[in-house]
Each structure stands twice: as structure tokens, then as C-alpha cells.
Amino acid sequence: MSEATGRVVDGSETYKLEVEDLEKHFPVNSGIVSRILRGESDQAVRAVDGVSLGIREGEAFGLAGESGCGKTTLGKSAIRLLEPTGGKIYFDGTEITNASGAEINRFRREAQIIHQDPYQSLNPRFTVYEWIKEPLDVHGIGTAEERDARVYETIEQAGLKPAEAYAPEYPSELSGGERQRVGIARALALEPSFLLADEPASMLDVSIRASILDLFKRLQTDLGLTAVYISHDLSLLKHMCDRIGIMYLGELVEVAPADEIINDPKHPYTQALVSSVPRIDPDEDRERIELVGEVPDPVDMPSGCRFHPRCPRIVQPEGYDFDQDDWRAVVNLRRDVLAGDVDPEAIRRNRDDDEASALAIRDAYDVPDRLADAAADDVLDAALSDVLAGDSNDAADVLRREFATPCESGPIETHQVTPTQEAACVLYDEDEPYTLE
């Protein structure tokens, strides 16, 4: 497999690893006890939901996003540590989605993973020598003497010198940084061409993170490796990677060169992530983007763009002209009206008001007493009157129809925003362009 030249796309792109419409869903109530108590369920957590991505030969690619966004599941599914629910996987131009036997064993030699937690990923009963030698034994690499030499060579490649001093040690005798280097050495033992590093520095002290990251960069250059780095830390990925992909709720929402992701993010979610990255210069002028609401339930995904329930740039309905912050507040109110979650009496009690009123409901959702768009204000006022009269269904019908946003209808396509930058957002739909002041 290592002799292949990669998959050529459009006559130019050479991909080391490529996934097409990759899915990984985890069924709800899949355990025996859950099925007995709650019955069978066809619901599933859609951890990875239709991701298409190509990693170029020799590239360092980063996957970023909040905890639970699916980035680790995507990485593990792409190298078949988790069996995908759907989609296709190509490695060096060969489809390995359903590979088995000798074919999958060849792939296992080529693609290795470095786990996040060096305290849990090493077998405490193995010495360093035994732990690194195990994959060589499993795959039957070389003679006993050659395997022995390879172990010591790999230990030193990972920065543990002299190798003879570390080989007989047990994990309990090593520091966190040393354990991570042992994990790196084990991954390198089979001389792979592809590495997946899952949060490789998040469990390490700040004082040793830099040395581990420098080791990764040196190994990738010296050995010609293709690497995928998974992290929530955008500043780390900017330092390590050529390109970065941003994930949100199982979908890839933006892909671009690392500098462009940091300096000119296009997707509103990426913009919010970048705004939260600490800057060295305290005088640098930068607006922090605060996201509203909670991350949606991964079993019950929002329609359309999955980020729209929290998006500060959600597209306004045709024919209306809001202040963007006011429109976000109206969307929050509309969401709860549609869900039947607006209780005027509860709002009155919380505010200690004499009676429930439309103004009290507006204030509870930070909606101004009057919207700048008079027509929109009339629609909202009529809907709130229905809510106060107990006609929540009528209110929901009005708000659903009048304040529908293209962000909530799908599927959301990925658009080529610049020659090197892609974003899955209706703001960049050339056929139906939307603008925000």
C-alpha cells in the first residue's frame, strides 16, 4: 500500500487519505439493560454525519471544534479504529472502507494513532521495550535481532536518550512527557506513512508541550509523514498545521489554510472560536463573540444549519430589515414559542410584575420594546398577543411563516468562498446571496 502514489482528483490533488460522506452513528439504548428497560430505539447520536475531506500527501492537517463536535470520532473512523456507519474511505488511492484480512493489516502498518492520555494509553504491565516491540511482533516484522534494533532506534527517534536507560522502565516510572514519547515511539515502530495525533499535548504540562510539538514537526519533516492533529486549541493547530478543518455537531463547516482560518475565518462558528483564542498583545483590538444557548442535542439535530440556534449572523427573513442583535433575540423568542416553552405567567412571577404583558416577554428575551422594522414589529406584537391570550399554536404559525430563515432549511451546501477556503454557510450562496450590515 505504501507504494501507491495517492488518489488524484481533478488531475491535480493527490490525497493520502480521503473520506466521502463518512458517517458514524451511535445507536441510543444499544445496551442489553437499556433495551430491557426502555425498549428498542431507532434513534442515534450522529457523531459524524456526511463528512467529505481529503488529506494531501505530506500535509499536516488540523481538526478543531468544541468538545463533543465529533472530531475524534471522525479521525478514528477514518483510520478504521471505529467502523463507519456509512460513506467511503480511501488510502493511497485504494478504498479500504470494507477492507479485511491482509489488506487491512497492511493499512494498519501504514496508519498509526497517538492517543490523548499518556497515563491511560500505555499498558502498565509492559516495559517500554515490550510496549514498543509488540506491534513489530504482531505484524512479524524482521528477525528478532532486527526487531530489537528497531525498538532502540525508535526510542531515540522519540527523544528518549539513551534508549538503553528507558527500555527497561515501566510507565509508572516515567513522567507524563516521557510517557507521551513512548506512545510516539510505538506509533513510529512500524514506520508508518500516516499519523493521527489526538490532542497530543492536552494532558501535558505547559513546560513540556513545546518540546513534544517540536518533536512532531521534526518527525514529520524527517520521515515525510502525513499527519492529522486533533485539538480544541486553534493556536496549537496554527503552529503545527498547513490546513485546518472546523467541525460542529458532526459536520465539517469550514476548511482553509491555517493562516486564513485564524486571520480571516468565514463561517460564523469559526469566527466565534477564533475570537476566543488568547492573544499575546493585550492592546490588540478584538471583539469577543459570545454565543447564545446550548449545543443542541446530537440525537435531535436542528434542521438546516446545525449552528443556526446559536449563530450571531443568522440570516434575516426576506422583506424585513432588523438590527442583527435584535434579530438574534427574536429568533430565540420564536424558537421557544414554536416549542411551546413561553409561559407568560412564569415570566411575570420571575419579574415580580403585576400582570403578564408583551413587554415583559420581550424584556425576558432581550427583544427591544419596538423593533426598527415596523412591519416586523407588528408581526411580533400580534404573535405575542396570541401567546398572552393562550393561543400559542396561532402564535407559532405566524412566527414560523413570517420569520422563517434560510438557515433553518437544508441541506446546507459547502461553498468555495475563496480559492483556498470553503465554508458551509448560506451567507456564501451565490444563487441566493444574503448580506449582513
Side-chain angles (χ1 to χ4, degrees), residues 267-269 271-272 275 287-296 300-410 412 425-429 431-437:
H267 195 282
Y269 176 61
Q271 292 168 353
S275 78
E287 180 182 359
R288 175 71 178 268
I289 300 175
E290 298 289 345
L291 298 179
V292 300
E294 301 294 328
V295 177
D300 184 20
M301 298 288 195
S303 61
C305 174
R306 294 176 181 178
F307 186 55
H308 87 259
R310 307 171 68 200
C311 182
R313 300 186 66 198
I314 184 169
V315 173
Q316 299 179 11
E318 187 176 355
Y320 296 107
D321 184 17
F322 291 78
D323 173 84
Q324 188 60 27
D325 290 339
D326 293 348
W327 168 230
R328 177 70 260 179
V330 169
V331 170
N332 296 342
L333 172 55
R334 174 180 180 265
R335 176 198 61 217
D336 286 357
V337 171
L338 266 55
D341 292 338
V342 177
D343 183 349
E345 285 301 317
I347 291 174
R348 180 190 65 79
R349 290 193 298 271
N350 288 338
R351 290 168 49 85
D352 198 24
D353 288 347
D354 293 333
E355 62 180 21
S357 68
L359 288 179
I361 297 174
R362 286 173 181 254
D363 187 61
Y365 285 86
D366 295 324
V367 177
D369 295 349
R370 295 290 299 177
L371 296 173
D373 188 309
D377 196 77
D378 290 343
V379 171
L380 181 60
D381 205 41
L384 292 181
S385 295
D386 286 338
V387 171
L388 291 168
D391 298 327
S392 294
N393 289 336
D394 290 344
D397 288 341
V398 170
L399 294 179
R400 182 182 293 110
R401 180 181 64 253
E402 292 294 326
F403 289 163
T405 166
C407 297
E408 64 186 2
S409 61
I412 304 300
C425 180
V426 299
L427 290 172
Y428 306 106
D429 188 339
D431 296 328
E432 295 184 60
Y434 304 98
T435 59
L436 292 175
E437 296 298 329

Considering all heavy atoms, the nearest [X]-[Y] contact:
X	Y	result
Glu402	Pro317	O-CB, 3.7 Å
Val426	Pro406	CG1-O, 4.1 Å
Pro309	Cys305	CD-O, 4.1 Å
Glu345	Ala356	OE2-CB, 4.0 Å
Leu380	Leu333	CD1-CD2, 3.9 Å

Determine, stepwise, if the pair Leu427 / His267 fulfils side-chain contact (heavy atoms from CB on, under 4.5 Å). CA-CA 9 Å; Leu427 290 172; His267 195 282; over 6 Å; no
Quick one: do Arg334 and Glu408 make a salt bridge, cutoff under 4.0 Å?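 Glu408 and Arg334: salt-bridged.
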How long is the gap from [atom1] on [X] to [atom2] on [Y], to the nearest 0.5 Å?
X	Y	atom1	atom2	result
Ile347	Leu359	CD1	CG	12.0 Å
Ile412	Cys407	CD1	SG	6.5 Å
Arg328	Arg313	CZ	CZ	13.5 Å
Phe307	Ile314	CZ	CD1	10.0 Å

Val387 and Pro344, any side-chain heavy atoms less than 4.5 Å apart: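 Result yes, sub-4.5 Å side-chain heavy-atom pair found.
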Heavy-atom side-chain proximity of Cys311 to Leu291 below 4.5 angstrom: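 Cys311 vs Leu291: side chains apart.
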Test item: Ser409 side-chain N/O and Gly304 main-chain N/O as donor-acceptor pair under 3.5 Å: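 Checked: no pair found.
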Relative to each other, are the rings of Phe403 and Tyr320 parallel, tilted or perpendicular (30° and 60° limits)?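 Taking Tyr320 first and then Phe403, their aromatic rings stand perpendicular (interplane angle over 60°).
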Under 3.5 Å, side-chain donor or acceptor atoms of residues 364-378 against the rest of the protein: list the pairs with distances, not counting sequence neighbours.
unit_1 : atom_1 : unit_2 : atom_2 : d
Tyr365 : OH     : Asp336 : OD2    : 2.7
Arg370 : NE     : Asp377 : OD2    : 3.4
Arg370 : NH1    : Asp377 : OD2    : 2.5
Arg370 : NH2    : Asp377 : OD2    : 3.4
Asp373 : OD1    : Ala375 : N      : 3.1
Asp373 : OD1    : Ala376 : N      : 3.0
Asp373 : OD2    : Asp321 : N      : 2.7
Asp377 : OD1    : Arg362 : NH1    : 3.1
Asp377 : OD1    : Arg362 : NH2    : 3.2
Asp377 : OD1    : Leu371 : N      : 2.8

Contacts under 3.5 angstrom, residues 392-401 side chains, donor-acceptor by atom type, not counting sequence neighbours:
unit_1 : atom_1 : unit_2 : atom_2 : d
Asp397 : OD1    : Arg400 : NH1    : 3.2

